[in-house]
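Reviewing the structure listed below.
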Amino acid sequence: MSENIIGYLDKDNNIIDTQSAVDTAGLTPIEYDNSEKALEIIRHSTAHLMAQAITELYPNSQFFVGPVVDEGFYYDFRVDEKIGEEDLKTIEKKMKELIKKKYKIEKYELSKDEAMKKFANDDLKQAVMSRIPDETLSIYKQGEFEDLCRGPHVPALRFLNNFKLTRVAGAYLGGDEKAEMLTRIYGIAFADKESLKAHLDMLEEAKKRDHRKIGTEMELFMFNESAGSGLPFWMPQGAKLRAKLEEILHKAHRIRGYQPVRGPEILKSDMWRTSGHYACYGENMYLTEIDEQEYGIKPMNCIGHIQIFKQTQKSYRDLPLRFYEYGVVHRHEKSGVLHGLLRVREFTQDDAHIFCTPEQIAGEVIEVVEFVDSVMQLFGFEYTMEVATKPEKAIGEDAVWELATQGLKDALTENNLPYTIDEGGGAFYGPKIDVKITDALGRKWQCGTIQVDFNLPQRFEVEYVAEDNTRKQPVMLHRAILGSFERFIAILTEHFAGEFPFFIAPTQVIFVPIAENHVAYANELKKTLMAEGIDAEVYDKNDSLNKRIRTAEKQRVPYVAIIGDEEVANRSVAIRNRRSREQYNLTQDEFMVELRQELQKGKI
RNA sequence: GCCCAUAUGGCUCAGGGGUAGAGCACUUCCUUGGUAAGGAAGAGGUCGUGAGUUCAAGUCUCACUAUGGGCUCCA
């Protein structure tokens, strides 16, 4: 056996570890490297090594499960002591000590009954075993430490040198909110030191892009402890960025046949009872009282749009009817889930409701998907789509569900857009497509959504007059492209690391006049740009030229333009490229042409 | 909501049972400078909030609030 073989692959691509492989003929060896399969074995064994170290440090600890996940591994366990970030170093140190003892990892098998007896005093192990159907269980042993495990594992601890424990967290036993909370430690492991370092560096880099950090640096938004958590304040720079995004989207909606509407922030609770929100979503809603009547602050915008639809009689000729609103909604999210702008309690959806016939669903969905795609392409986002199908608890006939679900799938297929299926993940009133974007730390966030709804039109008795002069009920499509401005801007910030494209940059041009006698021309240029809808600033503070250029450069502004004698005389500008630091001169007219072109890039 | 951690001027952080520090930012003055930090002076904090221990609490304890990492949920 080669020194570097840590396992085998069988014909079906299953990993067989060296402890389990009786006959290696016909098996493909797995070398000790950073391949997906090798890392799976290494990380799993590292989780065990961590468990062994924890057992030595905290003799009373009991272990639940320790699987390999996308970003490394974790182990859930119960322990009397409180374990904090500081303790991770101690555990890591113990792990290194254990490696030096050169333990082999050995495997033996037990019947389930024997295993039950062996772990009779360990209710967590009992819980694990109760979830395993097999009659024969395997135990892995390294030194004194034994753990129930199906493997696979590396042959010996010497393969586990390159790891890092990354965080300590709490996790519910079995993911059940009502169950006991265990301690979870996450870690990462690689086959060599360089890969580990590269991974840790990547995490560092991602942290630098964190929208909360950049948002503070660039003064985009803020929170205020006294005001309450999850309630963002938009500072001038952030509000400018947001206004530009709103403007781009306004035009895009109007071109696509959407009409703007706006509903009130609060509606009587009876209306929420009719909609079903009071019963189904009530615990997430904020309620208030006016003149002894209960009102609910809207968590969604649908109700308002329905009332507007119903205000005047509609004909089949009016369909599809598309209403949109930048709807401010409030939702009582649990305190522990709030996260920068990505998860807040007040946010603004780029919300729209399309009233249409069942036959029009597919066509409308195709248009929405096209809309989503053009927005994602505008910013260069990678995204994934997920079709969520009928859940167990659902209303409406199967045939209609089938039609709607197929309509969603067809729309994606026809646009050559790959999607995955979230079986049973739809809303109770209809199937949906969710659009997910990945943030700088690799976390996926739902942004856009397209939902088919048969429920609300029925509850609110929404009707139109059909061709045969009968009353029919339209279908409603709920859809959002960005999802919310808050979340989308958070992801944009991380995506561009704060260096936003020209058409949404909060400040688009900074003029740096060299001396006092250049300030007038700089201000004149600024005025010209502002008239074109381009945000410009003049840096004429009493600082050295170098200092002002440096300050301007640090603002992540698309254009920094220097204005001196030469520029005033020629009515030109000296542009600095923010990336290459190279400079070039343009006349004022040429500059304006370039800026207008840059603005045009924001058209969708 | 639950587990763990954190909370010092606008920002980033140091300090640590005897009553507050740095850098950046800010204000004023000098400097009028052609591509990433010119100089000087100054203002700004009851050390998240409320209790408790102590002769004495930013410093120790508890509660609350907020933030961070997760669990769960979601735009």
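In what follows, every chain begins at residue 1, and chains take the letters A, B, ... in the order their sequences are listed.
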Quick one: list whatever passes side-chain contact (heavy atoms from CB on, under 4.5 Å) with [X], sequence neighbours left out.
X      : result
A/K554 : A/R550
A/L173 : A/F64, A/L124, A/A179, A/E180, A/L182
A/N284 : A/Y281

Atom-to-atom span, [atom1] of [X] to [atom2] of [N] - whole angstrom:
X      : N     : atom1 : atom2 : value
A/I450 : B/A75 : CD1   : P     : 14 Å
A/L342 : B/G70 : CG    : C1'   : 16 Å
A/D80  : B/C3  : CG    : P     : 16 Å
A/Q555 : B/C11 : CD    : C1'   : 13 Å

List the residues meeting salt bridge (charged side-chain N to carboxylate O under 4.0 Å, His left out) with [X], not counting sequence neighbours, and say none if there are none.
X      : value
A/E370 : A/R256
A/E246 : A/R242
A/R576 : A/E553
A/K541 : A/D543

(request) Sugar-phosphate atoms are those with a prime plus P, OP1 and OP2; base atoms are the rest. Using that split, label each nucleotide of nucleotides 4-10 of chain B B, S or - for protein heavy atoms under 4.0 Å, 5' to 3'. (result) S------

(request) Using a 4.0 Å cut-off on protein heavy atoms (strictly under), produce a 5'-to-3' string for nucleotides 35-41 of chain B with B for base contact, S for backbone-only sugar-phosphate contact, and - for none. (result) BBBB---

Indicate, with a heavy-atom threshold strictly under 4.0 Å, whether [X] touches base, sugar-phosphate, or nothing.
X      : value
A/E566 : base
A/R167 : sugar-phosphate
A/V344 : base
A/G425 : nothing
A/Q446 : sugar-phosphate
A/D565 : base
A/Y74  : nothing

(message) Does a side-chain N or O of A/Y186 approach OP1 or OP2 of B/C71 to a distance below 4.0 Å, or not?
(response)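 Checking A/Y186 against B/C71: at least one side-chain N or O falls below 4.0 Å of OP1 or OP2.
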
(message) Please enumerate all residues that pass ring pair (Phe, Tyr, Trp, His ring centres under 6.0 Å) together with A/Y286, with sequence neighbours excluded.
(response)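 Partners of A/Y286 under the ring pair (Phe, Tyr, Trp, His ring centres under 6.0 Å) test: A/H332.
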
(request) Quick one: list whatever passes ring pair (Phe, Tyr, Trp, His ring centres under 6.0 Å) with A/H518, sequence neighbours left out. (result) none

(message) Would the distance check show the side chain of A/Q555 and the main-chain N or O of A/T551 forming a donor-acceptor pair, the cut-off being under 3.5 Å?
(response) yes

(request) State whether the aromatic ring of A/F347 stacks on the base of B/A75, taking stacking to mean ring centres under 5.5 Å apart and ring planes under 30° to each other. (result)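 It does: the two rings, one from A/F347 and one from B/A75, meet the stacking criterion.
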
(request) Return the 5'-most residue of the pair A/D176, A/S484 with respect to RNA chain B, ranking by each residue's nearest nucleotide. (result) A/D176

(message) What does the 5'-to-3' dot-bracket notation of RNA chain B look like when only Watson-Crick and G-U wobble pairs under 3.5 Å count, and pairs to other strands show as |?
(response) ((((((((.[[[[.)..(..]]]].(((((.......))))).....[[[[[..)....]]]]])))))))....

(request) Name the orientation class of the two ring planes belonging to A/W445 and A/H339 (parallel below 30°, tilted from 30 to 60°, perpendicular beyond 60°). (result)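 A/W445 and A/H339: tilted rings.
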
